[in-house]
**Student:** 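One structure follows; several queries about it will come next.
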Amino acid sequence: MTKKIIAIWAQAEDGLIGKDKVMPWHLPAELQHFKATTTGHAILMGRVTFDGLQRRVLPNRISLIMSKDKNYQVDNENVLLFSNVEDVLEWYHKQDRNLYVIGGAQIIKAFEPYLEELVQTQIAAKLEGDTYFPEEFNLSLFETVSSKSYTKDEKNPYDFTIQYRKRKEV
């Protein structure tokens, strides 16, 4: 398997990705997709996103946390702390797992030049929140290769579509 750097995120119709440091929706089917996709790999997030998870380390993954706070500490052997993009990339090149960039917006934007693929969940809903996918992210650099739609049901209150995109050849 060839490893890749991939962004994976969910957003509402207007690009909303968060509210008060958490996702403003609960979609068990989308969470199952996230778990199945990222298990066995590495996930990268910013400190705010990690704190929004109540510092819960997701099982069967290596968690990379980026923070500018030099005093930020996490006491868990499955968590690696980084303060800049270059150090994350150096770590990435020395190992054999995919690196999934899971957020927040600043981290996704910082890794835009290195992303080979995108896994975007588009939720068919207008919701309230305070954090949005970066407007300046250039989605036109990526082409959709497949998508899968899910219909709302008793457990999942919104329709959603997962789009798989890869960087266009230059």
Side-chain angles (χ1 to χ4, degrees), residues 5-39 41-69 71-74 76 78-85 88 98-112 114-115 117-140 142 144 147-165:
I5 301 176
I6 304 162
I8 183 170
W9 78 98
Q11 68 179 54
E13 290 175 354
D14 60 356
L16 178 74
I17 61 173
K19 180 180 180 182
D20 300 327
K21 302 179 186 176
V22 297
M23 293 181 295
W25 54 76
H26 181 69
L27 294 166
E30 204 278 331
L31 292 172
Q32 281 300 104
H33 152 74
F34 177 85
K35 179 180 179 182
T37 302
T38 61
T39 292
H41 297 286
I43 55 175
L44 169 67
M45 68 194 91
R47 177 195 53 79
V48 172
T49 299
F50 187 57
D51 288 346
L53 291 170
Q54 284 78 48
R55 293 181 164 219
R56 191 177 79 241
V57 178
L58 300 178
N60 304 313
R61 286 156 271 207
I62 297 174
S63 294
L64 284 66
I65 313 302
M66 265 186 64
S67 176
K68 294 175 188 162
D69 181 354
N71 297 317
Y72 191 75
Q73 296 293 318
V74 179
N76 187 305
N78 290 320
V79 175
L80 304 173
L81 297 174
F82 295 91
S83 60
N84 61 62
V85 171
V88 171
N98 283 341
L99 176 61
Y100 285 91
V101 180
I102 69 170
Q106 291 179 357
I107 301 298
I108 290 172
K109 182 61 183 157
F111 278 83
E112 180 181 6
Y114 310 102
L115 295 172
E117 296 180 3
L118 308 176
V119 181
Q120 176 190 18
T121 298
Q122 184 68 49
I123 299 165
K126 292 182 181 170
L127 303 167
E128 297 289 319
D130 54 24
T131 307
Y132 293 84
F133 190 79
E135 283 184 27
E136 62 278 3
F137 190 97
N138 191 353
L139 285 173
S140 70
F142 299 84
T144 301
S147 65
K148 183 172 181 181
S149 295
Y150 295 79
T151 304
K152 66 181 175 180
D153 58 26
E154 63 279 349
K155 293 182 181 177
N156 297 279
Y158 310 108
D159 293 341
F160 64 93
T161 301
I162 300 172
Q163 292 186 336
Y164 300 87
R165 299 175 184 193

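When a residue number appears, it is its place in the shown sequence, counting from 1. For the numbers below, each heavy atom of this structure counts, side chains included, while hydrogens, waters and symmetry mates do not.
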**Student:** Tell me yes or no: between the side chains of Gln163 and Arg165, is some donor less than 3.5 Å from an acceptor?
**Tutor:**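 Distance-only check passes for Gln163 and Arg165.
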**Student:** For Lys148, enumerate each residue passing the salt bridge (charged side-chain N to carboxylate O under 4.0 Å, His left out) test, keeping only those at least two apart in sequence or located in another chain.
**Tutor:**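 Lys148: no salt bridge (charged side-chain N to carboxylate O under 4.0 Å, His left out) contacts found.
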**Student:** So, taking the atom named CD1 in Ile102 and the one named OG1 in Thr49, what distance separates them when rounded to the nearest 0.5 Å?
**Tutor:** 6.5 Å
**Student:** Where is the tightest heavy-atom contact between Met45 and Ile107, given as atom of each residue plus distance?
**Tutor:** C-CG1, 4.2 Å
**Student:** Answer yes or no: is there a donor N or O on one side and an acceptor on the other, between the side chain of Thr131 and the main chain of Ile17, under 3.5 Å?
**Tutor:**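 Such a contact is absent between Thr131 side chain and Ile17 backbone.
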**Student:** Between the side chain of Glu135 and the main-chain N/O of Phe133, is any donor-acceptor distance below 3.5 Å?
**Tutor:** no
**Student:** Find the distance between OG (Ser83) and NZ (Lys68) and round it off to the nearest 0.5 Å.
**Tutor:** 10.5 Å
**Student:** Any heavy-atom pair between the side chains of Asn156 and Glu30 that's under 4.5 Å?
**Tutor:**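 A side-chain contact is absent here, since even the closest heavy-atom pair is not under 4.5 Å.
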**Student:** Can Val85 and Tyr114 be said to form a side-chain contact (heavy atoms from CB on, under 4.5 Å), step by step?
**Tutor:** CA-CA 10 Å; Val85 171; Tyr114 310 102; 3.7 Å; yes
**Student:** What heavy-atom pair brings Ala125 and Ala12 nearest, and what distance separates the two atoms?
**Tutor:**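 Closest heavy-atom pair between Ala125 and Ala12: O-CB, 3.4 Å.
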**Student:** Between Phe160 and Tyr150, what is the ring plane arrangement, given parallel below 30°, perpendicular above 60°, and tilted in between?
**Tutor:**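 Plane angle under 30°, so parallel.
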**Student:** Step through the shown structure and confirm whether more than 12 heavy atoms of other residues, nucleotides or ligands are within 6.0 Å of CD on Glu13.
**Tutor:**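 Counting other residues, nucleotides and ligands, CD of Glu13 exceeds 12 neighbours.
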**Student:** Could you measure the distance from the CD1 atom of Ile65 to the CZ atom of Phe82? Nearest 0.5 Å is fine.
**Tutor:** 10.0 Å
**Student:** Classify the ring geometry of Phe142 against Phe137: parallel below 30°, tilted from 30° to 60°, perpendicular beyond 60°.
**Tutor:** parallel
**Student:** Does any non-hydrogen side-chain atom of Gln122 lie less than 4.5 Å from one of Gln11?
**Tutor:** yes
**Student:** Minimum heavy-atom separation for Arg55 to Gln73, with atom names?
**Tutor:** NH1-O, 2.9 Å
**Student:** Might you work through the side-chain contact (heavy atoms from CB on, under 4.5 Å) test for Val119 and His33, ending with a clear yes or no?
**Tutor:** CA-CA 10 Å; Val119 181; His33 152 74; 3.5 Å; yes
**Student:** Looking at side-chain heavy atoms only, is the closest gap between Tyr158 and Leu127 below 4.5 Å?
**Tutor:** yes
**Student:** Roughly how far, to the nearest 0.5 Å, is CD1 of Ile8 from NE2 of His41?
**Tutor:**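 Between atom NE2 of His41 and atom CD1 of Ile8 there are 10.0 Å.
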**Student:** Between OG1 of Thr39 and CZ of Phe34, what distance do you get to the nearest 0.5 Å?
**Tutor:** 8.5 Å
**Student:** Report the residues that fulfil salt bridge (charged side-chain N to carboxylate O under 4.0 Å, His left out) with Arg47, sequence neighbours left out, ordered by chain and then residue number.
**Tutor:** Asp51
**Student:** Thr151 versus Asp153: any side-chain heavy-atom pair under 4.5 Å?
**Tutor:**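 With C-beta onward as the side chain, the pair stays apart.
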**Student:** One pair to check against side-chain contact (heavy atoms from CB on, under 4.5 Å): Leu139 and Leu118. What are the steps and the verdict?
**Tutor:** CA-CA 9 Å; Leu139 285 173; Leu118 308 176; 3.6 Å; yes
**Student:** Please report the closest heavy-atom contact between Asn71 and Asp69, naming both atoms and the distance.
**Tutor:**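 Scanning both residues completely, I find the closest heavy atoms to be N-OD1, 2.8 Å.
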**Student:** Hey, could you give me the CG/OG distance between Asn84 and Ser67, rounded to the nearest 0.5 Å?
**Tutor:**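 One gets 11.5 Å once the value is rounded to the nearest 0.5 Å.
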**Student:** Where is the tightest heavy-atom contact between Ala7 and Leu115, given as atom of each residue plus distance?
**Tutor:** N-CD2, 3.5 Å
**Student:** Give me the atom names and distance for the closest heavy-atom approach of Ala10 to Ile123.
**Tutor:** CB-CD1, 4.2 Å
**Student:** Taking distance alone, no hydrogens or angles, what donor-acceptor pairs closer than 3.5 Å link side-chain atoms of residues 21-28 to residues at least two apart or in another chain?
**Tutor:**
none

